[in-house]
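Working notes, structure below.
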Amino acid sequence: MPELPEVEVVRRSLQSFINGLKIKKVTIFNRNLRYKIKRNFERIIEHQKIIFIKRRSKFLLLGLENNFTILIHLGMTGKIFISKENLKKILKTSFYFDNEINKKHNHFIIQFNNKVKLIYNDVRKFGFIKLISPNHRHLNNHLQNLGPEPLNSEFNYIYLNKKIRNIKKNTKSLLMDQKIVSGLGNIYVNEILNLSSVNPKKISKNLSPLETKKIIRNTKITLKKAISLGGSSIRDFKGVYGNNGNFQQNFMVYNRSDQMCKKPGCRGLIKKIYISNRSTFYCLKCQK
Ligand SMILES: [Zn+2]
């Protein structure tokens, strides 16, 4: 499931491929994604120029000249492909690698001027595309209750320390809560807690100032590293699919149950448990 770094990688590649282009035609094969694509969708976005491409949490926001904003969420399996006729190739903008596009799962195509196409492919159809009308972005129900972006300076020690004082949740659930900090999901929270030597079950109000500071710092480090590893593979999207270095090969604990902790000098055993039905991996030695 794409988390913040994957969505940021997609945003950056969309920025280089479609920013400033004009939408020529929209073809929808399947309107029934997580939310039904409204009837007037094509009419509102056709002949509009893309004026910005932003990300908020795991949402992509494509600004149009008429001040509407296209909101895209990739859900579980959403992927965006760009095709450029002059290259006769499909460029993938997704973080994850796979070797083929199954056309059966292409749900819509946005065609731009100069023969660029954006193809949305989603096997499980949990993703969606919606329009936000002009000046309603701050009121949008997907965006309005989100906590700060973890890479922004508002996500800092003073903020988190204040938040955790009244919360009886365990630390893993705290970091997964989009109202506290937006965009973190299961994989990265597991990683952040290992790097911070914090037990995922620890009640967050019992976190020491040092632990809280470590969590902030490791959140930023982990996300930046994941973005840069995904980002570095963007350059290879032109033709090479395969196992370039990406963050999944760098996991400290995620999917590594019964293996040894990678932290220098630790050698503790990684255990898998479930917290709120989500698989949770932690080191029995350094995350006591
Ligand atoms: Zn360890």
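Position 1 is the first residue of the sequence, and the numbers go up from there. Since the model is a prediction, treat every value here as computed from it, not as a measurement. Indexing begins at 1, ligand by ligand and atom by atom, following the structure's order.
In summary, Asp122 and Lys79 do not engage in a salt bridge, as defined by a charged side-chain N under 4.0 Å from a carboxylate O. A salt bridge does not link Lys58 to Glu3: none of the charged side-chain nitrogens sits closer than 4.0 Å to a carboxylate oxygen. Electrostatic pairing of Arg31 and Glu42 counts as a salt bridge here, judged by a charged N lying under 4.0 Å from a carboxylate O.
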* To do: Go through the steps for Thr69 and Lys54 under the test side chain to side chain donor-acceptor pair (under 3.5 Å), then give the verdict.
  => CA-CA 10 Å; Thr69 307; Lys54 293 181 182 169; over 6 Å; no

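Following chains of ILVMFWY side-chain contacts shorter than 4.5 Å, one cannot reach Phe128 starting from Phe108, and the two form parts of different hydrophobic clusters.
Listing protein N, O or S atoms at distances below 2.8 Å from the Zn ion (ligand 1), with waters left out, gives Cys261 SG, Cys266 SG, Cys283 SG, Cys286 SG.
Ser279 contributes no side-chain N or O that, together with a main-chain N or O of Tyr274, makes up a donor-acceptor pair within less than 3.5 Å.
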